[in-house]
Student: 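Please see the structure below; I have some questions.
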Amino acid sequence: MTDYKPKEIEYKWQEEWEKTSLHKAIDFDKKSKYYSLVMFPYPSGDLHMGHMRVYTISDVISRHKRMLGFNVLNPMGFDAFGLPAENAAIERKVPPYEWTKKNIDHMKNKQLKRMGTSYDWDREVVSCSPDYYKWTQWLFLQFYKHELAYQKDAPVNWCPKCQTVLANEQVEDGKCWRHDDTLVERKMMCQWFLKITQYAEELLNDLQKLEGWPERVKRMQKNWIGKSEGAEINFSVFEKSNIKIPVYTTRPDTIYGVTFLVLAPEHPFVSELTTSENKEKVQAYIKQAGLLSEIERLSENKEKTGVLLGSYAVNPFNNQKIPIWISDYTLLEYGTGAVMGVPAHDSRDFEFAKKVNLEIKQVISPDGLARELSNAYIEPGLIINSDIFNGLQSDDGKKKIIEYGNKKGFCRTKTTYRLRDWLISRQRYWGCPIPIVYCDKCGVIPVDEKNLPVMLPEAGIEFTGSGGSPLLRAKEWLSVKCPKCSGEARRETDTMDTFICSSYYYLRYADAGNDKAAFDKEKVNYWLPVDQYVGGVEHAILHLLYSRFFTKAFRDFGLLNFDEPFTNLLSQGMVTMFSPKEKKITKMSKSKGNVVGTTDFFDEYGADAARLFILFAAPPEQEIEWSTQGAIGQYRFIERIWRLFFNLKENAGLKIYEEFVNVEALRAMPLHEIYRIANYTIKSVSEDISSEKYIFNTAIARMTELVNAMYKFILDKKSYSDLESTILSFSFTNLLKLLAPLAPHITEELWGKLGGPYSIHQQKWPEYDKQALVTDEIELVIQMGGKKIDVLTTKKGQSQKELEKIALSLEKVKARIDGKELVKVVVVPDKIVNIVVK
RNA sequence: GCCCUUGUGGCGGAAUGGUAGACGCAACGGACUUAAAAUCCGUUGGUUUGAAAAAAGCCGUGCCAGUUCGAGUCUGGCCAAGGGCACCA
């Protein structure tokens, strides 16, 4: 027997797999395709055990599907644009390109391959490489052509640490998603947007099609899109018949309770509606509101403030004259930027009315009676004080009121979404340049497709960390000929949000080398949609919503033929560990000082052991806590298999053997139990590892049981009969195959040592012998009143009467029935007998 | 505030409404060894009776009810932790 040296074995097979192109995906192959995808990483430099989880899960799925006979596409690449590279350039004067390249090289060759992953590296994509970002730019131009990319002045979120603006989705709790200690500021800027809102309804509706997605993720997307149905009502302005103020409401049933209007401070009508005596106050308020940070504005404790404009609006339903206010609790970007104030039935309006002393008029009541309100009554109810609509229920009232207003021409139903258009401009260097040119004569002009890519300049770029994007100072690069008039023009200096790059990479994998197009339509239609996507739940909204949007837009551009990119989604839980900094168990990350590197563990115990522990600790969706001790437990499991192999090889003539045996020949022998467990293991592992379940922890437990049973069987055994060596060979051969997707190196090694043909990963997934699982004895549980009294082994298939008789004849049972009335006996054949007494 | 998820031994976790705690970690005992490590074999939810062993009993899946012959599992309410949304009209 030789020692188990994981490092040697693992390196050997990793090289062999690469040399023999074992994991190559073949376009348009005869076998059914299976696209297995893992979210591609940002090349931050050093992967730790926390990162390993997602790659392990996805790799097990890919390897298993190959053994099931699928043509598997399992690609990998790098989301390589982004801030850390640029920050490294500022701090250490290394060009972002070099820093990124070095990290990719390390992650790819020293870490991802070292884990034993089975990627088809021929399809690698690197989003910062010009042959990739050329197509990012080309796709931007398609959006532009279809009027889905546009520029506008808007209040935007600015992260002072990133020195750039952020999309709505990238602001969490008023803070930057990358810097949870940094409040986002509000600024007015002219920026590029993608019109994701045009797809809001489809993005919402098609969530129903995504049966293979976790409910949680779908709910989060649904919340984010935030559809609401209501009405848009036009208020006219007293003595200013040229202006109509549209407001959006979901409660048209409260229209008679309107006692004021509130516009957003940035609302375009504000100056026109401000009377001269209020001008000063209004301007001061607008200025002050603009200065507030996001978090201050959102703060719940913040008291409502606002100022009167001086003009009056007229409620078209009852011609009542009501004052117009501005307040920062009204948002310009949502609805129409103006709300009707119904203090009696909206808590924000109530608060505001109390604060500035406005009339509160009740128009909804639970019982039809009006009373003094100490809070807004926001439930639906009976309509009162509302002229011809009195006595209706809210629901019915809504419809009738909209109908009435519609007839009169000042009201219509309207659907509003919380989702905003996607702000994609970034004031940073290390991103994909937006292919746009500004010409004094011609205006905003897109770069010709044939002149793509607009390369990021490298020479003469200085990273100072201040004074805006380095591109602003790249004089030579900045000046360009206008594509239209050939006159002097200037390049766009903003780059794209890196989420653009990651919104289509999974399409590029289908045709990674193409230099004529972003991807070939036929290839994309062959490979896509992705059959199984694995990634972190932190992208539940961001990346997954953007990618769905891209897919739908590309379908409409005629680039592909499907509606949704990812059929099944698995959101793996975090890997946590105790953080000495935060004094609690929390997500493994460098900044929290609780990382365990991969290299040392792999060298000592092997990637196989790390993979097994990660899979064994909990089901994939759940959080797991890294435990080196626990991982060593899996190392011991592997070593047990290793020793078992040599023991059986020397003593029992172990060989590859996969045929079923005649179960009758085994009856009443201890061997029968081994054969049964082996087949039960095949059955359970096949089920647990399948896409319906993905519970790898129990799969590993079943295999451990088989190994334990085999150990027990061979204990003190000196010689083996032919039948015994056959059954043990059968068990061991199948064990290796079942374990192969999870621990690919050790299984390949032992498979080879057993004389199996290269490679175990190209073998057929085993099937189990149904005969082996048929038993003639069962364990019968005896209960009294639902409590277990006894368990006895008895013949299978006895009638209910027989079982009842067996139970009632037990001494224990008799003693307990004694003196009581037998109410009934419940018999579940081959399972339990439950005796109920009174 | 609204929506959702999760509460099981010292720990991670298993259990189609039918033997709660599979499997692993940790701990303890035994074998092997001059010794230790490793390995192999065991024990390990709590508790009561018992000198001990054997054995037997009772309690036990966050709490309180309910449905059921039978509930970790289903229903309702509560408590706790975690997550999402949050001045979205």
Side-chain angles (χ1 to χ4, degrees), chain A residues 3 172-174 214-224 226-228 230-231 247-251 254 262 264 297-300 302 304 327-331 333-342 345-349 351-352 378 416-420 537-538 540-541 573 612-613 616-619 621-634 636-637 639-640 643 684 695 697-708 711-712 714-716 779-792 812 823-828 830-837:
Chain A
D3 285 344
E172 294 168 358
D173 214 11
E215 283 306 316
R216 185 162 68 120
V217 173
K218 287 192 274 188
R219 206 175 307 111
M220 280 165 74
Q221 292 215 354
K222 190 180 168 205
N223 281 347
W224 189 262
K227 181 177 181 173
S228 81
V247 304
Y248 174 72
T249 180
T250 55
R251 293 298 300 274
T254 64
V262 193
R297 216 165 46 82
L298 292 179
S299 156
E300 264 202 46
K302 181 180 169 287
K304 298 266 181 294
S327 170
D328 59 8
Y329 86 85
T330 303
L331 306 173
E333 310 95 83
Y334 185 77
T336 60
V339 300
M340 57 186 216
V342 188
H345 306 293
D346 180 286
S347 33
R348 295 150 304 183
D349 296 342
E351 211 184 304
F352 186 66
I378 57 175
T416 300
Y417 302 90
R418 213 186 65 98
L419 181 71
R420 310 282 155 80
V537 75
E538 65 271 19
I541 294 169
L612 284 182
F613 172 72
F616 182 68
E621 298 82 3
Q622 246 173 82
E623 252 177 36
I624 60 171
E625 189 186 346
W626 173 262
S627 150
T628 300
Q629 213 32 257
I632 291 172
Q634 292 306 311
R636 282 203 284 257
F637 172 54
E639 274 209 313
R640 257 165 93 77
R643 279 191 296 267
S684 321
I695 37 177
N697 53 334
T698 48
I700 293 169
R702 294 295 87 78
M703 291 189 270
T704 310
E705 279 165 356
L706 174 60
V707 171
N708 290 348
Y711 262 84
K712 219 167 268 176
I714 65 169
L715 188 69
D716 299 327
E779 293 205 314
L780 186 70
V781 176
I782 311 297
Q783 294 184 337
M784 289 197 68
K787 275 187 191 171
K788 183 179 67 172
I789 297 300
D790 208 351
V791 184
L792 26 122
K812 272 185 188 172
V823 178
K824 70 158 135 178
V825 180
V826 181
V827 180
V828 182
D830 293 341
K831 271 216 174 121
I832 65 150
V833 179
N834 189 13
I835 298 155
V836 187
V837 290

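In the text below, chain A, chain B and the rest are named by the order of the sequence lines, each starting its count at 1. Only heavy atoms go into these numbers, but all of them, side chains included; no hydrogens, no water, no symmetry mates.
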Student: Compare the minimum distances between each of B/C87, B/U39, B/G84 and the side chain of A/Lys304, then state the nucleotide with the smallest one.
Tutor: B/C87

Student: For atom P, what is the distance between B/G62 and B/G13, given to the nearest Å?
Tutor: 14 Å

Student: One pair to check against side chain to side chain donor-acceptor pair (under 3.5 Å): A/Ser228 and A/Tyr248. What are the steps and the verdict?
Tutor: CA-CA 10 Å; A/Ser228 81; A/Tyr248 174 72; 2.8 Å; yes

Student: What is the distance, rounded to the nearest whole Å, between atom CG of A/Leu331 and atom P of B/A86?
Tutor: 11 Å

Student: In whole Å, what is the span from the CD atom of A/Glu623 to the P atom of B/C11?
Tutor: 17 Å

Student: Over all strands shown, is A/Asn834 touching base, sugar-phosphate only, or nothing at heavy-atom distances under 4.0 angstrom?
Tutor: base

Student: In whole Å, what is the span from the CG atom of A/Asn697 to the P atom of B/G13?
Tutor: 9 Å

Student: By the rule that syn is within 90° of 0, classify the base conformation of B/G83 as syn or anti.
Tutor: anti

Student: Measure from the side-chain heavy atoms of A/Pro619 and tell me the nearest of B/A14, B/G12, B/U16.
Tutor: B/A14

Student: Can you tell which of B/A89, B/C69, B/C23 lies closest to the side chain of A/Thr249?
Tutor: B/A89

Student: Counting just side-chain N and O atoms, does A/Gln629 come under 4.0 Å of either OP1 or OP2 of B/A26?
Tutor: yes

Student: Looking only at atom C1', what distance separates B/U39 and B/G12, rounded to whole Å?
Tutor: 25 Å

Student: Can you see whether A/Asn708 engages A/Arg640 through a side-chain donor-acceptor pair at a distance of less than 3.5 angstrom?
Tutor: yes

Student: Kindly indicate whether the side chain of A/Gln783 and the base of B/G18 share any N or O donor-acceptor pair separated by less than 3.5 Å?
Tutor: yes

Student: Roughly how many Å apart are B/A54 and B/A65, using the C1' atom of each and rounding to a whole number?
Tutor: 42 Å

Student: Taking only the side-chain heavy atoms of A/Ala701 (C-beta and beyond), determine which of B/A22, B/G18, B/A89 contains the nearest atom.
Tutor: B/A22

Student: Which ranges of RNA chain B pair up as stems, where a stem means three or more consecutive Watson-Crick or G-U pairs with both distances under 3.5 Å?
Tutor: B:1-7 with B:79-85, B:10-12 with B:23-25, B:27-31 with B:39-43, B:45-49 with B:55-59, B:62-66 with B:74-78

Student: Send over the distance from A/Trp626 CH2 to B/G24 P, rounded to a whole Å.
Tutor: 18 Å

Student: Is there a side-chain polar atom (N or O) of A/Arg418 under 4.0 Å from OP1 or OP2 of B/A89?
Tutor: no

Student: Do A/Arg702 and B/A22 have a side chain to base donor-acceptor pair shorter than 3.5 Å?
Tutor: yes

Student: Calculate the interatomic distance between A/Ile700 atom CD1 and B/G24 atom P; express it in whole Å.
Tutor: 12 Å

Student: Which whole-number value in Å describes the distance from A/Asp3 CG to B/A38 P?
Tutor: 15 Å

Student: Measure from CG on A/Asn708 to C1' on B/U39 and round the result to the nearest Å.
Tutor: 14 Å

Student: Report the distance from atom CG of A/Leu706 to atom C1' of B/A22, rounded to the nearest whole Å.
Tutor: 15 Å

Student: Between B/G18, B/U39, B/C4, which nucleotide gets closest to the side-chain atoms of A/Arg219?
Tutor: B/C4

